[in-house]
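Counting convention: from 1, in listed order, for ligands and their atoms alike.
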Amino acid sequence: VQVLRVDNNDEKLIQRYLKIQEQVLPRLRYERKMSNTRLLEELQLNDTLNLWVISTESQDVGFVQYTTTDKVHVTVEIEIVDLREREWKRAMSQILRGLNEDQIAVVYWNWTEDRDPQIRWFKEIGAEVTLVEHFNRLILKEVNWELVEEVVDTYEVEGLEISVHYSDEIFQRYLDDQEFVEEMADFKTATHADVPNGTSSLAPKIYTAGKLCKRASDRIGNPDYNFILVLAMDSGRIVGSTKVNLHGSMGHNGMTGVRRESRGRSLATYLKSFSLLYLRENHPEIKYVTTENAEMNAPILRLNHRLGFKKLYDKLRIELHRSDLRIG
Ligand SMILES: CC(C)(COP(=O)(O)OP(=O)(O)OC[C@H]1O[C@@H](n2cnc3c(N)ncnc32)[C@H](O)[C@@H]1OP(=O)(O)O)[C@@H](O)C(=O)NCCC(=O)NCCS
């Protein structure tokens with residue numbers, strides 16, 4: 001097994017990387033299928049993004065992606081196509097050996113049913129394995145329309161203003177409307193801090209108006225970032241949101257959040273139901289919606305199951321300390 005680092009000047013390897021992605025992502029029903037240009041852009045813009053191609057003698061079998069989110073934290077996202085256990089271990093050892101950071105968080109999607117061999121291996125090489133997050137990827141193919149319609153018909157909005165926005169409009173507002181971008185940064189920071197993620201040592205994400213503006217100017221006009229955002233506003237204050245990224249026939253739902261003081265009044269249920277009805281009327285091309293939930297996030301799981309979401313596969317996050325590793 002060979003692990004090849006993708007360099008942003010290496011057109012050929014980038015093409016090979018994209019080809020594996022093309023094979024893997026539909027199987028995962030993953031929405032962020034990157035175009036060649038977007039991948040190059042990401043590599044140039046984002047110096048924390050690192051990619052590898054995993055290949056055997058006869059074929060490319062997978063890829064690894066990692067982002068250094070701060071000085072010591074590395075996240076490996078690993079996707080393997082038809083790789084036997086022994087080869088998986090070899091590839092993983094090479095990747096771990098190549099990292100300099102002390103604390104390593106390995107993220108991988110588990111669509112092979114049995115994750116135990118991998119976990120066992122991490123323990124064998126001396127890692128103290130902490131499962132810090134256990135995400136479910138959920139898919140919604142058959143919406144519980146009865147519930148959705150009832151919720152939207154009967155919900156008492158009580159002075160809240162509910163609105164639907166498209167990505168480019170939101171990006172433009174980030175650039176033009178200082179008050180809005182500051183409010184959004186505050187809302188995102190506050191709700192993100194409450195997403196349960198077990199014992200993760202990752203600090204909650206801090207969103208600033210500056211970061212959102214930068215992101216907006218990089219992404220505006222790019223069809224890869226096409227989404228609808230449903231907002232609930234209370235006198236200029238954002239109190240709830242839900243977002244659906246639009247990718248062909250696939251929608252990906254995220255950024256569902258309600259400010260603490262507005263929780264427990266079914267606002268999240270209402271916003272998600274509202275977005276599904278909006279999609280039915282305005283985006284009939286969307287055939288299914290995916291989302292990701294931390295397994296310990298009881299309210300959002302309950303809500304998603306009521307709407308008709310079903311589990312597709314797991315996503316695991318394992319924390320390791322490099323100094324503990326014994327890799328031959
Ligand atoms: C998750 C969140 C959006 C829910 O907002 P909300 O408006 O309070 O949600 P709802 O009132 O619509 O409640 C959803 C369901 O969860 C249930 N619920 C609420 N708290 C719960 C708890 N601690 N345990 C189990 N179920 C709970 C509610 O009873 C409701 O089910 P019901 O309709 O059968 O009664 C909100 O808690 C939040 O912003 N959390 C932080 C951000 C986050 O985790 N977002 C999701 C990321 S995937």
Side-chain angles (χ1 to χ4, degrees), residues 28-32 107 109 131-140 143-164 183-200 202-207 212 227-234 237-245 250-278 288-317:
L28 290 167
R29 301 210 188 243
Y30 197 66
E31 83 288 1
R32 288 185 102 206
V107 178
W109 288 299
L131 278 181
V132 285
E133 283 166 11
H134 191 179
F135 274 97
N136 292 324
R137 192 164 180 88
L138 306 178
I139 186 159
L140 178 62
V143 181
N144 181 353
W145 289 117
E146 210 177 305
L147 173 76
V148 164
E149 283 165 6
E150 191 199 316
V151 167
V152 173
D153 283 348
T154 59
Y155 191 75
E156 300 198 5
V157 182
E158 290 166 3
L160 294 181
E161 196 188 310
I162 309 295
S163 52
V164 181
E183 174 60 19
M184 188 60 100
D186 181 68
F187 172 77
K188 281 169 80 102
T189 304
T191 48
H192 194 274
D194 287 345
V195 178
N197 59 4
T199 53
S200 170
L202 271 184
K205 271 194 198 160
I206 308 289
Y207 295 88
L212 293 184
F227 61 76
I228 59 158
L229 178 68
V230 184
L231 291 179
M233 310 274 296
D234 187 354
R237 193 153 197 258
I238 301 170
V239 293
S241 82
T242 194
K243 181 173 97 162
V244 184
N245 294 342
M250 193 183 314
H252 183 73
N253 176 226
M255 227 187 110
T256 303
V258 169
R259 280 204 195 262
R260 256 182 225 180
E261 60 274 23
S262 304
R263 286 182 198 157
R265 287 197 261 134
S266 307
L267 182 54
T269 308
Y270 173 77
L271 290 171
K272 280 219 176 194
S273 302
F274 190 93
S275 70
L276 291 171
L277 274 184
Y278 185 87
Y288 56 89
V289 177
T290 54
T291 193
E292 274 179 19
N293 287 164
E295 207 157 70
M296 59 287 273
N297 198 341
I300 203 76
L301 268 177
R302 169 158 179 77
L303 155 49
N304 283 335
H305 283 124
R306 284 183 76 207
L307 291 173
F309 279 93
K310 302 266 188 294
K311 183 165 156 177
L312 199 57
Y313 51 84
D314 296 331
K315 187 176 179 183
L316 305 172
R317 225 183 90 97

For ligand 1, which atoms have a heavy atom of [X] less than 4.0 angstrom away?
X	result
Leu267	7 (O), 12 (O)
Gly264	6 (P), 8 (O), 11 (O)
Arg306	32 (P), 33 (O), 34 (O)
Asn293	48 (S)
Asp194	41 (C)
Gly257	3 (C), 39 (O)

Shortest protein contact, [atom] (heavy atom only):
atom	value
atom 25 (C) of ligand 1	Ala298 CB, 3.6 Å
atom 47 (C) of ligand 1	Asn297 ND2, 3.9 Å
atom 11 (O) of ligand 1	Ser266 N, 2.8 Å
atom 32 (P) of ligand 1	Arg302 NE, 3.6 Å
atom 13 (O) of ligand 1	Thr269 OG1, 4.1 Å
atom 6 (P) of ligand 1	Ala268 CB, 3.7 Å
atom 20 (N) of ligand 1	Pro299 CG, 3.7 Å
atom 45 (N) of ligand 1	Thr256 O, 2.8 Å

Next on the checklist: Whether the side chain of Asn144 engages the backbone of Arg306 through a donor-acceptor N/O pair (distance < 3.5 Å, no angle test) should be reported.
Outcome noted: yes
Checklist entry - Donor-acceptor pair, Ser262 side chain versus Val258 backbone, under 3.5 Å? => result no
Next on the checklist: In the complex you have, is atom 8 (O) of ligand 1 within reach of the protein, judged by whether a heavy-atom distance drops under 4.0 Å?
Outcome noted: yes
Next on the checklist: Below 4.0 angstrom, counting only protein heavy atoms, does anything approach atom 36 (C) of ligand 1?
Outcome noted: yes
Provide the closest heavy-atom pair for [X] versus [Y] in the form atom of the first, atom of the second, distance.
X	Y	answer
Arg265	Glu261	NH2-O, 3.9 Å
Phe187	Ser241	CE2-OG, 3.3 Å
His305	Phe309	CD2-O, 3.2 Å
Pro196	Asn297	CD-ND2, 3.4 Å
Gly308	Leu140	C-CD1, 3.3 Å
Leu271	Thr242	O-CG2, 3.6 Å

Next on the checklist: So for His192, does at least one of its heavy atoms come nearer than 4.0 angstrom to any atom of ligand 1?
Outcome noted: no
Item to check | ligand 1 contacted by Glu292 (non-hydrogen, < 4.0 Å) | outcome: yes
Checklist entry - Is it the side chain (CB and beyond), the backbone, both or neither of Arg259 that lies under 4.0 Å from ligand 1, heavy atoms counted? => result neither
Item to check | Residue part near ligand 1, for Arg263, under 4.0 Å between non-hydrogen atoms | outcome: both
Item to check | Chi angles and distances behind the side chain to side chain contact (heavy atoms under 4.5 Å, CB included) call for Ser273, Leu307 | outcome: CA-CA 8 Å; Ser273 302; Leu307 291 173; 3.8 Å; yes
Checklist entry - Excluding sequence neighbours, so at least two apart, what forms side chain to side chain donor-acceptor pair (under 3.5 Å) with Ser163? => result His165
Checklist entry - Does a sphere of radius 6.0 Å around CD in Glu149 hold more than 12 heavy atoms from other residues, nucleotides or ligands, not counting ones at 6.0 Å or beyond? => result yes
Checklist entry - More than 12 heavy atoms of other residues, nucleotides or ligands under 6.0 Å from CZ of Arg237: is that the case? => result yes
Next on the checklist: Listing request: all ring pair (Phe, Tyr, Trp, His ring centres under 6.0 Å) pairs with a residue in residues 253-274, at least two apart in sequence or in separate chains.
Outcome noted: Tyr155-Tyr270, Tyr270-Phe274
Checklist outcome for this item: Ranking Val258, Leu138, Thr191 by closest non-hydrogen atom to atom 39 (O) of ligand 1, top hit is Val258
